[in-house]
Amino acid sequence: MNFQVTVLKILVSYPDGFAVMADLKRDMAILATSGRDWTERTKRLAARVPDLDIFSQALVERLNGGWRITENGRTVLDFMEARSSEPQVERADAPVERLAAVEPAPRILASTRVARSRRLQRRLAARERARAKAS
């Protein structure tokens with residue numbers, strides 16, 4: 001199951017969701033040797049969809065020497081990654097409309113990004129003033 005979650009995560013990171021087998025194998029090897037954090041994360045994600053089967057559920061398709069994630073695959077991955085206050089267990093073969101109804105984690109508001117940017121600019125300016133004063 002962790003293998004299937006890893007495949008979804010890798011494919012979603014590529015442009016158009018397509019990766020040739022050599023790239024997919026390389027990325028899987030990197031993640032497999034990256035430590036316990038990755039293993040634990042994929043186990044948590046897989047627990048959200050216990051009957052996950054990326055090929056029979058048409059979440060990934062085989063094309064021209066590689067694999068590509070489908071829109072259903074993206075939807076299921078978004079569902080697995082959605083944060084909630086209580087753990088939910090859903091089947092991956094649930095209708096897409098039902099999975100799409102799950103709201104993703106809230107996005108950072110534009111005003112928050114602007115405020116962060118201003119704080120960063122003030123900190124950088126303060127550092128420059130301190131450096132100039134120290135010289």
So CG of D78 and CZ of R74: to nearest 0.5 Å the spacing works out to 8.5 Å

I54 and its side-chain contact (heavy atoms from CB on, under 4.5 Å) partner, picked from L8, V76, L77, N72: L8

Stepwise, does the ring pair (Phe, Tyr, Trp, His ring centres under 6.0 Å) test hold for W67 with Y14? CA-CA 11 Å; W67 293 351; Y14 277 83; over 10 Å; no

Quick check for you: to the nearest 0.5 Å, what is the distance between D37 atom CG and T42 atom OG1? 10.5 Å

Closest contact, heavy atoms only, T70 versus A58: OG1-O, 2.7 Å

Spell out, yes or no, whether V20 and V12 are grouped together once hydrophobic residues are joined by side-chain heavy atoms under 4.5 Å, including indirect joins. no

Checking side-chain contact (heavy atoms from CB on, under 4.5 Å) between L59 and each of I69, V7, L52, V49, which is the one that passes? L52

Does the pair R127 and L124 meet the rule for a side chain to side chain contact (heavy atoms under 4.5 Å, CB included), with working shown? CA-CA 5 Å; R127 280 187 201 146; L124 292 174; 3.6 Å; yes

W38 versus T6, side-chain donor and acceptor atoms under 3.5 Å: yes

Ionic contact status for R48 with E81, cut-off 4.0 Å: no

Look at the side-chain heavy atoms of Ile, Leu, Val, Met, Phe, Trp and Tyr, link any pair under 4.5 Å apart, and say whether L31 and F3 land in one connected group. yes

Once rounded to the nearest 0.5 Å, what's the spacing between atom CE of M28 and atom NZ of K9? 13.5 Å

With rounding to the nearest 0.5 angstrom, report the CG to CD1 distance, D27 to I10. 5.0 Å

Ion pair present between E128 and R131, side-chain N to carboxylate O less than 4.0 angstrom? yes

Can you measure from CG (N2) to CZ (R44) and round to the nearest 0.5 angstrom? 11.0 Å

Return the CD1 to NZ distance between I30 and K25, rounded to the nearest 0.5 Å. 14.5 Å

Would F55 and R62 count as a side chain to side chain contact (heavy atoms under 4.5 Å, CB included) here? Give the steps. CA-CA 9 Å; F55 293 110; R62 297 176 186 133; 3.6 Å; yes

Is there a path of hydrophobic side-chain contacts, each under 4.5 Å between heavy atoms, that joins L63 and L11? no

